[in-house]
Amino acid sequence: MQLAKIPAPDFDLAMTLDSGQVFHWEKAGAGFVGAIGDLAVYLEQQKDILKASGSALRLDGFKPPSFQRVVSHYFALDHQLAEICASFPDDPAMNAAKQFCRGLRIIRQPKWECLATFICSSMKQVAHIRQISRNLRERFGEIRKIDSYVVHIFPSAERIAATSAGELRKCALGYRAKNLLATARLVASGDVDLGKLAALSDIDLRVRLCELPGVGAKVANCVMLFAYERLGAFPIDVWIERVLRERYFPRALKLNARRLEAFTQQYFGGHGGYAQQYLFHHARKTGGRRAVGARNGTRQKR
DNA sequence: CTCCAGGGATGAT
DNA sequence: ATCATCCATGGA
C-alpha cells in the first residue's frame, strides 16, 4: 500500500480522534481507518509525519497532491497551535489542560455529518455515540474500500430523509430518531442550506442551527466549532460545567447557564472553543469524573 | 422555575 | 447477573 507522507508538526492524531469531536474513526493496525467525507482513508502517525492513503468511489481526477491537501485541511494542520495556546487564559486548570493536550486539534468536519452526529449525541456518552454512528453508517452509508479495509461513509441527508423513524430507531437512536429524520428532511429538501449558513455571523448561525429539531445550544455550539470553524464557540456539557464549577467557581451556588456562558465568552476569548476542547479532554481522561464513589448517599439534589 | 422521557454502554456490587 | 449512572433537548 502506498502512503502519502504529510508533514504534521504539533499534531497528535490519536488524541485528536479520541477527543469527543469525531466518532467514526476505528483503530486498524498501526493507525486508523475512517472517512473524510466520501473518501475512505487510512492514517498512521510517525512523529511529525502523517502517513495516509485514500480511495474514492470515482478514481478519475484524483491525484496525490490534492489528497494531501484534503487530509491537511480536515485535520486543520494549518491552525497555528502555538499562537492559539498562547491566547489561552493563564490559570491552573487551563495550563494543566494545555500541557496534557499537546497536539490536539479542532478538525474541520463535513457539515451534515457533524450536525447529524451531534443530534444523535444528545444524552449520550462518547462510546455510545460511536456505536450510533457505526449503526447509521453500516445500515445506510455507501461502501468504500481502502487497502483491505471496508469503510461505510456517513449517509447523506437525502438517504436519511428517505428512511423512517422506525428504521432509524433500529440504530439505537431512541427518541433522537424523529429529530434526525426531521432535520434530514429540512436539509435534503433544500429548505435549509448548510453551506449557505457559513456566511452568517456567529450569532445568526447559532440561531439558525437551534431552529433545527434536536439542536439546542450545546449541539449548535459543537456544530459551529467542529464544522463551521467558529473557534470561539464554547459548548457547555456536563463535563465542562463540572470543570467550570470546580475550578473557576468553587464557591458559587447559583450559576445558571446564562451566567456560565457569559463568563466563558469573555474569559476564554476568540479561541474559546479550543480552550473548551482541551479542558474537556483533560477532564475526561484524568478521572475528572468525581471519584466514582458518589456512594454515601450524597447525590446533590439537582 | 421544576420535572422528566428515553436507552444502551459502562462500571460497581 | 443485576443495578445505578451517565447525559441534551423539548415539552408539560
Side-chain angles (χ1 to χ4, degrees), chain A residues 17-27 109 113-139 160 164-187 192 205-227 233-246 252-261 264 273 276-277 279-302:
Chain A
L17 294 182
D18 185 37
S19 64
Q21 59 177 315
V22 66
F23 304 93
H24 68 281
W25 293 91
E26 314 268 3
K27 277 193 177 141
Q109 298 184 45
E113 175 180 320
C114 182
L115 171 64
T117 302
F118 277 94
I119 287 174
C120 298
S121 80
S122 89
M123 283 292 281
K124 288 294 180 192
Q125 291 154 103
V126 171
H128 202 177
I129 301 166
R130 296 181 65 86
Q131 185 62 50
I132 291 173
S133 169
R134 186 178 308 119
N135 292 342
L136 285 173
R137 284 179 289 110
E138 289 182 355
R139 189 175 281 261
I160 297 287
S164 65
E167 285 295 301
L168 293 175
R169 279 183 173 269
K170 293 178 185 171
C171 298
L173 267 74
Y175 65 90
R176 298 156 200 81
K178 65 180 194 327
N179 291 334
L180 181 62
L181 180 60
T183 294
R185 286 177 173 164
L186 288 171
V187 172
V192 171
L205 175 58
R206 185 176 292 110
V207 167
R208 295 295 300 279
L209 289 173
C210 285
E211 290 171 355
L212 301 172
V215 180
K218 193 270 181 182
V219 170
N221 277 325
C222 286
V223 175
M224 290 174 67
L225 180 58
F226 302 135
F234 196 105
I236 299 178
D237 71 337
V238 293
W239 288 93
I240 286 299
E241 183 167 340
R242 193 177 298 145
V243 170
L244 292 174
R245 287 180 185 278
E246 292 179 357
L253 287 182
K254 46 178 168 48
L255 268 185
N256 57 27
R258 179 168 275 105
R259 290 177 54 122
L260 273 183
E261 188 194 333
T264 59
Q276 178 273 353
Q277 193 65 15
L279 290 169
F280 174 86
H281 186 67
H282 182 235
R284 231 169 52 83
K285 291 297 173 180
T286 58
R289 185 181 333 210
R290 65 180 63 250
V292 194
R295 295 256 46 83
N296 295 348
T298 54
R299 196 76 217 122
Q300 77 258 27
K301 49 136 188 153
R302 320 217 35 110

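To find a chain, count down the sequence lines: A is the first, B the second, and so on, and within it residues start at 1. This structure is a prediction, so every number in the text was calculated from the model and none was measured.
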Closest to the 5' end of DNA chain B, once A/Q131 and A/M123 are matched to their nearest nucleotides, is A/M123
Between A/R169 and A/N256, the residue closer to the 5' end of DNA chain B by nearest nucleotide is A/N256
Rounded to the nearest Å, what distance is computed from the [atom1] atom of residue [X] to the [atom2] atom of nucleotide [N]?
X: A/D237; N: C/dT5; atom1: CG; atom2: C1'; value: 16 Å
X: A/E241; N: C/dT9; atom1: CD; atom2: P; value: 12 Å
X: A/I119; N: C/dG10; atom1: CD1; atom2: C1'; value: 13 Å
X: A/E211; N: C/dG10; atom1: CD; atom2: C1'; value: 15 Å
X: A/H128; N: C/dT5; atom1: NE2; atom2: C1'; value: 14 Å
X: A/I129; N: C/dA8; atom1: CD1; atom2: P; value: 9 Å
X: A/L180; N: B/dG6; atom1: CG; atom2: P; value: 19 Å
X: A/F118; N: C/dT9; atom1: CZ; atom2: P; value: 11 Å

Is any side-chain N or O of A/W239 closer than 4.0 Å to OP1 or OP2 of C/dC6?
-> no
| query | Does A/R242 have a side-chain nitrogen or oxygen under 4.0 Å from the phosphate oxygens OP1 or OP2 of C/dC7? | reply | yes
Report which part of the nucleic acid [X] touches: base, sugar-phosphate, or nothing (heavy-atom distance under 4.0 Å, all strands).
X: A/N179; value: nothing
X: A/L212; value: sugar-phosphate
X: A/R130; value: nothing
X: A/K218; value: sugar-phosphate

Considering only heavy side-chain atoms of A/R176, the closest of C/dA8, B/dG7, B/dT10 is B/dG7
Could you tell me the separation between the [atom1] atom of [X] and the [atom2] atom of [Y], rounded to the nearest 0.5 Å?
X: A/L115; Y: A/Q109; atom1: CG; atom2: CD; result: 11.0 Å
X: A/L260; Y: A/I240; atom1: CG; atom2: CD1; result: 10.5 Å
X: A/C120; Y: A/Q131; atom1: SG; atom2: CD; result: 12.5 Å
X: A/K178; Y: A/T183; atom1: NZ; atom2: OG1; result: 10.5 Å

Base-pair string, DNA chain C, Watson-Crick plus G-U, cut-off 3.5 Å on both distances, | for inter-strand, is |||||||.||||
Full working for side-chain contact (heavy atoms from CB on, under 4.5 Å) between A/K170 and A/E167 | CA-CA 5 Å; A/K170 293 178 185 171; A/E167 285 295 301; 2.9 Å; yes
Practice task
Indicate yes or no for a side-chain donor-acceptor contact from A/R137 to the backbone of A/S133 under 3.5 Å, with no hydrogens or angles considered.
Solution key: yes
Check your understanding: For the side chain of A/R185 and the backbone of A/I160, is there at least one donor-acceptor N/O pair under 3.5 Å apart?
Key -> no
Does any donor-acceptor pair link the side chain of A/Q125 with the base of C/dC7 at a separation under 3.5 Å? no
Practice item. Tell me, with the steps shown, if A/F234 and A/F280 meet ring pair (Phe, Tyr, Trp, His ring centres under 6.0 Å). Key: CA-CA 11 Å; A/F234 196 105; A/F280 174 86; over 10 Å; no
Notebook entry, point to check: On a whole-Å scale, what distance lies between the P atoms belonging to B/dA9 and C/dT9?
Noted result: 22 Å
